[in-house]
A.B. asks: 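Next up is a structure, given as structure tokens.
The figures here come from the full heavy-atom set of this structure, side chains too, leaving out hydrogens, waters and symmetry mates.
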Amino acid sequence: AVGNSVYETQISQCIMDGDTTVAAASQPDYGIRFQTRATDNKISDCVISYIKTAGVLIEAGGNSFDGVHIYSLTTGNPTYGFQVNSTGTTISRCNLDGINNKGVYVGADNTAVIGCIFYWPTLISGSQAIFVATGINFTNLIGNQWRGYDSNTAQIEFDDESGGNLPNI
């Protein structure tokens with residue numbers, strides 16, 4: 001986890017790898033976790049693999065991610081690639097492979113997801129590339145692609161005020 005005191009830090013060319021020899025339930029919860037005061041950081045050209053809950057959990061604003069590859073293809077799949085819970089996050093040119101639930105969960109305003117590739121090598125029922133939660137404003141989703149098994153249904157969903165989903169927007 002990246003602690004609360006990290007501010008304006010750049011992390012580049014890194015590998016955060018869970019242990020492929022242990023059961024999925026024993027994998028780490030997060031590859032990177034930005035806690036509430038870890039703001040204005042940049043992560044680039046990193047690989048995060050074999051994580052149980054989220055490749056990246058974002059609880060602090062103003063962070064950006066570029067060229068991050070999150071995957072888990074053989075030992076369970078993470079629930080989220082990016083779980084965005086704070087404003088001002090930019091995610092660009094990232095690859096997310098075999099994510100179990102949401103490639104990017106957008107739970108905060110002012111989030112941009114730009115030029116990312118979402119890939120499912122096998123069918124994972126109910127998965128979406130990008131999910132935008134109820135009441136979220138100012139979200140930019142530009143030039144993203146989804147590939148692999150069942151690419152027609154695992155795309156973008158917006159949660160509306162009544163709690164329903166508007167599929168394939």
A.B. asks: Which pairs pass salt bridge (charged side-chain N to carboxylate O under 4.0 Å, His left out) with one or both residues in residues 125-141, sequence neighbours excluded?
C.D. replies: none
A.B. asks: What residue pairs, at least two apart or across chains, pass salt bridge (charged side-chain N to carboxylate O under 4.0 Å, His left out) with a residue in residues 42-62?
C.D. replies: Asp29-Lys52, Arg33-Glu59
A.B. asks: Once rounded to the nearest 0.5 Å, what's the spacing between atom OG1 of Thr79 and atom CG of Leu57?
C.D. replies: 11.5 Å
A.B. asks: With a 3.5 Å distance limit and no angle check, can you tell me whether Asn63 reaches the backbone of Ala60 through a side-chain donor-acceptor pair?
C.D. replies: yes
A.B. asks: Got a sec, which residues hit side-chain hydrogen bond (donor to acceptor under 3.5 Å, both in side chains) with Ser44, two or more places apart in sequence or on another chain?
C.D. replies: Ser12
A.B. asks: With a 4.5 Å cut-off on side-chain heavy atoms, are Tyr30 and Ile48 touching?
C.D. replies: no
A.B. asks: As an exercise, state the distance from CD1 of Ile15 to NE2 of His69, rounded to the nearest 0.5 Å.
C.D. replies: 11.5 Å
A.B. asks: Within the 4.5 Å heavy-atom criterion, are Ser86 and Phe34 side-chain neighbours or not?
C.D. replies: no
A.B. asks: Can I get a per-line list of side-chain donor-acceptor pairs under 3.5 Å for residues 98-118, giving both atom names and the distance, sequence neighbours left out?
C.D. replies:
from: Lys102; atom 1: NZ; to: Gln128; atom 2: OE1; distance (Å): 2.5
from: Asp109; atom 1: OD1; to: Asn137; atom 2: N; distance (Å): 2.7
from: Thr111; atom 1: OG1; to: Ala108; atom 2: O; distance (Å): 3.0

A.B. asks: Quick one: does Thr89's side chain get under 4.5 Å of Phe82's, heavy atoms only?
C.D. replies: no
A.B. asks: Please, which pairs that meet disulfide (SG to SG under 2.5 Å) have at least one residue in residues 29-60, sequence neighbours excluded?
C.D. replies: Cys14-Cys46
A.B. asks: Could you measure the distance from the OH atom of Tyr119 to the OH atom of Tyr71? Nearest 0.5 Å is fine.
C.D. replies: 14.0 Å
A.B. asks: In Å and rounded to the nearest 0.5 Å, what is the CG to CD1 distance from Leu141 to Ile91?
C.D. replies: 10.0 Å
A.B. asks: Between CD1 of Ile58 and CZ of Phe65, what distance do you get to the nearest 0.5 Å?
C.D. replies: 4.0 Å
A.B. asks: Check whether any side-chain heavy atom of Ile51 sits under 4.5 Å from a side-chain heavy atom of Ile70, and report yes or no.
C.D. replies: no
A.B. asks: Mind checking what makes side-chain hydrogen bond (donor to acceptor under 3.5 Å, both in side chains) contact with Ser49, not counting sequence neighbours?
C.D. replies: Asp17
A.B. asks: For Ser92, what residues pass the side-chain hydrogen bond (donor to acceptor under 3.5 Å, both in side chains) criterion, not counting sequence neighbours?
C.D. replies: Asp66
